Structure formats: structure tokens, C-alpha cells
Asker: 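Submitted below is the structure of interest, expressed as C-alpha cells.
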Amino acid sequence: MDNLELVRQHVSKANGLPNEHYITQSMFDEEKNSIIFNQWAGLDVCSEIPKIGDAKPLNFMGLPLFIIRDTQNAVRVYQNTCRHRGMILVDKPKKIQGAIRCPYHSWCYSTEGQLVSTPHIGGPGQNTDKNIDRSKLSLIEIRSHIWRDVIWVNINNNARPFDEVMASTIERWKELDQNLYHGGEDGKFSLSVKGNWKLAVENYCESYHLPWVHPGLNSYSRLEDHYHITEYGSHSGQGSLVYKQLSDNKGQKFPDFENLSEKWATGAEYIALYPNVLLGVHRDHAYAIILLPVSFSETIENVHIYYSKPDVSPSLKKKNKDQWKEVFEEDIFVVEGMQAGRLGVKFDGGRFSPQMDEPTHCFHDWVAKEVSRFRKQNLT
Amino acid sequence: MSLNEKILEAHQNKNLSLLVELYQEAAKNVSKAEEENFFLVQAYTFALEVSHSQVLFLRRELVSRGVEE
Ligand code: FES
Ligand SMILES: [Fe+2]
């Protein structure tokens, strides 16, 4: 059995992914091509570009992209590279008033991606040339989909439609599919972690570590009040039966999402949508964490928190943000510690608790399956 | 300040709407068609970028001169 077959055995027998998936550039690149660019990956959130014309450059695993809200109010993702000599088009977050003008020779693109002018291309004062067909030189648009404010991208344009791939989670959270209002400056934060992106996913989907790493959660969220969410080949996570709403000193709470069933009165769910988006839902707020892999040993975690109404109490919002930040910061030493531990050359990927680690194994199994599929395709 | 200096200053300050005006003025100060076209293209390009009220006028002008699609 090769290493990946060892991973794909039943959770009670399996080993985890081998070290090289965490500590080598070659595996980082292979996973980029085999799983991240072939799937629906999270890139950013629409709330980062709230107004028409807002544009923001992003580097996604080495790929220069920008997101923009076009004149029709649709969010689009483009490769941030001019079709002329390859200059970067958007170098910082900015407002595009009319056209996107390349800073080099001023080729101009509409926010819908069309090349609208090519100044002096036929010599001074002549904007046309018979060899240049503008309609074939639009910006390269990246296939994207918006769900729960997250901008998902399928870089290689080869995944099944988003709604199909994510069908079971969309169905599971149907009643929570309501307007989400981003918490603004107190609704977001970023963490930089010296660890492979997969370790952040793994740690997110299991509850085994809660009593040890988050003793504060333990008082109201005991291990036995948690259940696993595991769908092999798709996603995994955990649910809680004892969610308690935050309240301020006057007993004020965040307003609920509307018409929720009884399950959500004290229920909360946390799902990792592979490869890189971690979502959390509750009766009165939700969040999305987008993991941006920077290198095999470095990951940025961008956290965005949402509410059911646009104007929730600022002090409560701040309190909620601080509370989540504390929880996610408590996980950093684990992710960094597991990263360091994977330099142990005799580590065999480790074993799983058949009772507690199914969601983690589910993720490893998915990575192993997708990487092997990619390798087989490349052989043929 | 000469027109040339005004244009340089507007570039410096990234005052693109002003550049739309100044380059049109520059076009009026030259006599040859190619020179006019050059300045009008400059004006038009910045007009596109800032969605200037004269963008359509400039485009029509350039199209009628046979230098824009
Ligand atoms: S590189 Fe963009 S216009 Fe030349
Ligand atoms: Fe944790």
C-alpha cells in the first residue's frame, strides 16, 4: 500500500497524510494544482468591496487576481494581468470610477472585462490596428460563485457547479440562508499562522481538543454536547447542542435570524468546506474563515462575522469579535506545534481516534483521494 | 504657468479630470491632425478612467477622425 492508500483506510486503521504534505514545496504545489485550483476555494468576501467600482487585488497562492464590483453590482474575479505586456492592473484597493486603466501603456478595460480602448496602438493618435481584435483581449475572468457572502473561485474552471458540489451543506443550512450583514471593522480580523493550511482545517473540524485547548468553552460547551458532521468525499465539522447567546450587562442580545426551527435555539454548527473555507452558524450570528495558504508553512486566516440585522449593538459586536478572536488564537499554538512536529522524520502521519477523529480523517481521506486522482490523470 | 507646466502638475497630482480638460486645450493649440489626435487620445483615455462627462463626446470625435473604434 502506498502512503495515500494508508490514509484512505477506515478511520480505525488509517494513518494521516505523510509529512511531505506539510513540509515540502513540491507537495504544496501539487496540492495547489490538484485540489485547490480544481475545486471551489474561498478567495474573499463580497463585503470587502461593498460599492460599485470597488476593486481589491489579491494574491491567491501565487496567482495575482483582483476582485471588483462591476457597474451592474455583480462581483467578479479577474486575473490581475494586462493583456498587453502583462503589467499588474490593480496594485492596491481602490475605487474604479470608469475604466480600469493599465498604468503602463493605458489600455483600458471596463469593469465587465472588455478591452475598451488601446491608446496609440496604431502609432501616436491612432487607437486601432487591424491586427488587434479587442474582443479577443478581454480580461481573463476567473469562474466564481457567491454564497454566504464568500467569493468562491474555481481557478481551473473544471469543477461541477457550486450548488451541486456544496448541495448537502446548502440543504442542511437552508433555513439560515438569509441576508447576512457584515459586522464591519468589528466584524473582521486576520490571523497569521506559521503552519500548513491543512492543519487549520483539521483542527477546526474536531471537538476532541476542546476541553484541553479551550477550557473556557468547556464550562458551557462540554465534549458530550458536541456531535460530528461527516460526509466522506465532501466536508466535515462539528455541531454543538448548547449554544448560549452572548448578552451585554443589560441582558441585550443579538437579534435572531428569522423563522428558525427549534434545533437552532441552542444549536450551532461548524463546517469545513474543503479545501479552505471554515463556516460557523448560530441563531444570531455566523462567520466565515477563509484560509489563504501563503507557503507550505504559513497561512493567513481571514475571519468575517455576520449578523441578521445591519445595526446590531456595537459594544456587543466588539465583545463577540473579541471572544471569537480569543478562541481562534488559542488554536494557533496547536497548528504551529503540529507544523513543527512534522519535521520529525519518523512520524508516520499518526493515528486517529476512531471515536473522536472521524471529521479529521474525513478531510485527510478527501485530500488523499483528490491527490491520487490528479496523479492518475497526469499519468494517462 | 504654461499649458505644458499645468499638464505636468496635473500628472503629478493625479488630477485626471483636469488632464481631460488640459489635453483638449493642448489639441486646440496644434495645427496638424496627427498632433491633435495625439492630445485628444490622451484626453479620452483619462476621461475613460474617471468616467468624465465628456467621454462620449471625445469618443465620437476620435471615431469621426478614424482613430478609434
Ligand atoms: S502592459 Fe498594460 S497597457 Fe501595456
Ligand atoms: Fe479549536
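Just so it is clear, the values below take in all heavy atoms, side chains as well, and ignore hydrogens, waters and symmetry mates. Here is how names work: the chains are called A, B, and so on, in the same order as the sequence lines, proteins then strands, and each is numbered from 1. The structure displayed is predicted, hence computed values, not measured ones.
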Asker: Any idea which donor-acceptor pairs are under 3.5 Å between chain B and chain A?
Answerer:
from, atom 1, to, atom 2, distance (Å)
B/Q42, OE1, A/H120, NE2, 2.7
B/L48, O, A/A99, N, 2.9
B/E49, O, A/G98, N, 2.9
B/E49, OE1, A/R101, NE, 2.4
B/E49, OE1, A/R101, NH2, 3.2
B/G66, O, A/Q126, NE2, 3.3
B/V67, O, A/N127, N, 2.7
B/E68, OE1, A/R134, NH1, 2.8
B/E68, OE1, A/R134, NH2, 2.6
B/E68, OE2, A/S117, OG, 2.9
B/E68, OE2, A/N127, ND2, 3.0

Asker: Considering all heavy atoms of both residues, which atom of B/V41 and which atom of A/P119 are nearest to each other, and what is their separation?
Answerer: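 Shortest heavy-atom separation between B/V41 and A/P119 comes out as CG1-CB, 3.8 Å.
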
Asker: For each of A/C108, A/G122, A/G125, tally heavy-atom pairs with chain B at distances under 4.5 Å, and name the one with the top tally.
Answerer: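 Of the options given, most contacts go to A/G125.
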
